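Only one structure is covered here, and it is reproduced in the block below.
A note on names: the letters A, B, ... follow the listed sequences, proteins ahead of strands, and every chain is numbered from 1. Keep in mind the model is a prediction, meaning the values are calculated, not measured.
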Number of protein chains: 2
Amino acid sequence: MTIFATGVGVPHNGGMTEAVIHKRDYEGELKRAGVRLTRPRRVIVGLLTQTEDHPDALEIFRRASAIDPSISLSTVYRTMKLLEGLGAIHRHAFEGGPSRFEQAGGDHHDHLIDLDTGDVIEFKSERIEALQAEIAERLGYDIVHHRLELYGRKRG
Amino acid sequence: MTIFATGVGVPHNGGMTEAVIHKRDYEGELKRAGVRLTRPRRVIVGLLTQTEDHPDALEIFRRASAIDPSISLSTVYRTMKLLEGLGAIHRHAFEGGPSRFEQAGGDHHDHLIDLDTGDVIEFKSERIEALQAEIAERLGYDIVHHRLELYGRKRG
DNA sequence: ATGCAGTTGCAAATCATTTGCAAGAAGAGG
DNA sequence: CCTCTTCTTGCAAATGATTTGCAACTGCAT
């Protein structure tokens with residue numbers, strides 16, 4: 001089992017994120033997709049690049065507003081949908097809350113959601129993946145995608 | 001791995017269900033919970049008893065309306081929430097759709113959702129459960145609950 | 001610079017679900 | 001079986017997340 005990252009930040013914290021340079025070239029992807037590189041899009045993908053946590057649309061809107069107050073929530077939603085369509089980000093609808101986003105590109109992984117803080121911990125288990133494939137196989141299905149989420153509290 | 005049931009019916013079929021007598025005593029549970037045994041509640045739990053599939057609130061409303069046209073959708077929602085609180089039913093928020101419900105009581109199981117038909121197939125894998133527990137353990141968490149859903153298409 | 005399609009902000013619309021409220025029934029006690 | 005109190009209901013309006021119509025605006029190819 002692999003642990004990718006411990007959850008940094010909550011979707012409702014409005015907090016700072018440390019500047020972490022990521023690999024993804026969103027601007028290039030937008031260009032390639034044939035869409036315009038507008039100011040709102042630059043701002044949004046710019047901060048996604050620095051994002052280590054799993055913010056929701058409203059949180060992204062807050063962060064974007066801090067850079068350019070004229071950006072609207074609609075545009076955040078539209079941009080997230082666009083990026084999702086391009087496969088540049090992943091959308092997660094965890095229980096009882098709005099969709100939260102993360103950059104695509106790392107290895108596939110599943111999530112453990114801390115029920116007290118909202119933090120998301122990413123992990124990966126080859127064995128679980130294999131078992132899922134085996135189950136689908138046995139049921140006569142091809143898996144298009146799956147969702148595995150553990151909801152828990154820090155042991156103590 | 002155990003297969004519990006093949007998905008019978010879609011949430012949006014409005015179709016017939018064969019009379020299957022189930023074990024759960026909803027009326028007793030409501031009584032014990034100290035709430036009133038009203039007509040709408042009788043009708044709703046009455047049809048849940050005959051339900052083998054995973055209908056959403058609107059579908060339950062349709063089925064209930066067929067028995068008593070005066071029942072309102074609000075009451076369906078209120079009743080489902082009540083039963084959920086009693087632990088008598090489980091709510092599943094599968095991707096891209098409204099919540100769907102099923103009677104509680106059988107063994108725990110996970111779901112495979114047929115993307116073409118909306119059918120739900122229940123399955124259980126002790127090995128996956130064990131691996132989940134192991135992962136949570138390693139991450140220092142106690143699992144409160146989890147969600148494992150496979151989305152796929154019938155192999156052909 | 002110019003022009004036009006792609007984009008945006010805003011407000012209004014949607015969807016699933018919840019809630020306020022006044023009218024209506026369970027069901028305990030007589 | 002009648003009463004009274006309280007819990008429930010139906011309806012409509014409110015919510016929360018997300019989407020969409022539309023007129024104003026702006027990338028960006030020319």
Side-chain angles (χ1 to χ4, degrees), chain A residues 10-12 26-46 54-62 64-86 89-101 118, chain B residues 10-12 26-46 54-62 64-86 89-101 118:
Chain A
V10 205
H12 33 66
Y26 290 107
E27 304 212 351
E29 299 188 62
L30 289 172
K31 184 118 286 187
R32 242 167 285 132
V35 302
R36 287 182 190 168
L37 204 23
T38 64
R39 181 129 196 359
R41 285 181 183 156
R42 272 183 216 278
V43 171
I44 293 170
V45 301
H54 298 70
D56 59 27
L58 199 48
E59 174 60 21
I60 292 170
F61 170 64
R62 282 193 213 98
S65 297
I67 299 170
D68 178 348
S70 75
I71 291 174
S72 76
L73 181 54
S74 309
T75 294
V76 171
Y77 275 112
R78 279 191 278 238
T79 303
M80 298 324 279
K81 176 162 293 224
L82 171 64
L83 294 173
E84 187 187 7
L86 297 181
I89 60 170
H90 290 311
R91 171 193 301 264
H92 300 295
F94 298 134
E95 284 189 358
S99 293
R100 294 171 65 173
F101 306 89
Chain B
V10 207
H12 32 66
Y26 290 107
E27 305 213 348
E29 298 188 64
L30 288 172
K31 183 117 286 186
R32 241 167 286 131
V35 302
R36 288 181 190 169
L37 203 23
T38 64
R39 182 131 189 7
R41 285 180 183 158
R42 272 183 217 279
V43 170
I44 293 169
V45 301
H54 298 69
D56 59 28
L58 199 48
E59 174 61 21
I60 292 170
F61 170 63
R62 282 193 212 97
S65 296
I67 299 171
D68 178 348
S70 75
I71 290 172
S72 77
L73 181 55
S74 310
T75 293
V76 170
Y77 275 112
R78 277 191 278 240
T79 302
M80 298 323 279
K81 176 163 291 225
L82 172 63
L83 293 173
E84 187 187 9
L86 297 181
I89 60 171
H90 290 312
R91 172 193 301 261
H92 300 294
F94 298 133
E95 284 188 359
S99 293
R100 295 172 63 173
F101 306 89

Would you say the side chain of B/Arg36 and the base of D/dC7 hold a donor-acceptor pair, judged only by whether the two atoms sit under 3.5 Å apart? yes
Which atom names give the shortest non-hydrogen contact between [X] and [Y], and what distance separates them?
X	Y	value
A/Leu30	A/Arg41	CD1-CB, 4.3 Å
A/Ala64	A/Ile44	CB-CG1, 4.4 Å
A/Ile60	A/Phe101	CD1-CD1, 3.9 Å

Please confirm whether the backbone N or O of B/His54 pairs with a side-chain atom of B/Arg100, one donor and one acceptor, at under 3.5 Å? yes
Length of the [atom1]-[atom2] vector between [X] and [N], whole Å:
X	N	atom1	atom2	value
B/Ile71	D/dG10	CD1	P	7 Å
A/Met80	D/dT19	CE	P	11 Å
A/Ile44	C/dT8	CD1	P	8 Å
B/Leu82	D/dT9	CG	C1'	13 Å
A/Glu59	D/dG16	CD	P	18 Å

Judged by each residue's nearest nucleotide on DNA chain C, which is more toward the 5′ side, A/Ser72 or B/Arg39? A/Ser72
In terms of ring plane angle, is the pair A/Phe94 and A/His92 parallel, tilted or perpendicular, where the classes change at 30° and 60°? parallel
Show me the donor-acceptor pairs within less than 3.5 Å that the side chains of residues 75-82 of chain B make with the rest of the protein, sequence neighbours left out.
| residue | atom | partner | partner atom | Å |
| --- | --- | --- | --- | --- |
| B/Thr75 | OG1 | B/Ser72 | OG | 3.2 |
| B/Thr79 | OG1 | B/Thr75 | O | 2.7 |

Considering just the side-chain nitrogens and oxygens of A/Arg41, establish if one lies under 4.0 Å of OP1 or OP2 belonging to C/dT8. yes
Just to confirm, is there a sub-4.0 Å distance from OP1 or OP2 of D/dG10 to any side-chain nitrogen or oxygen of B/Thr75? yes
B/Arg62/B/Glu59 ion pair, N-O < 4.0 Å: yes
Atom pair CZ/CD of A/Arg32 and A/Glu27 - distance to nearest 0.5 Å: 11.5 Å
Base contacts versus sugar-phosphate-only contacts with protein, heavy atoms under 4.0 Å: please encode nucleotides 13-18 of chain C as B, S and - from 5' to 3'. ---SBB
So do the side chains of B/Tyr26 and B/Ile89 get within less than 4.5 Å of each other, counting heavy atoms only? yes
Which residues, if any, of residues 26-34 of chain A bring a heavy atom under 4.0 Å of DNA chain C? none
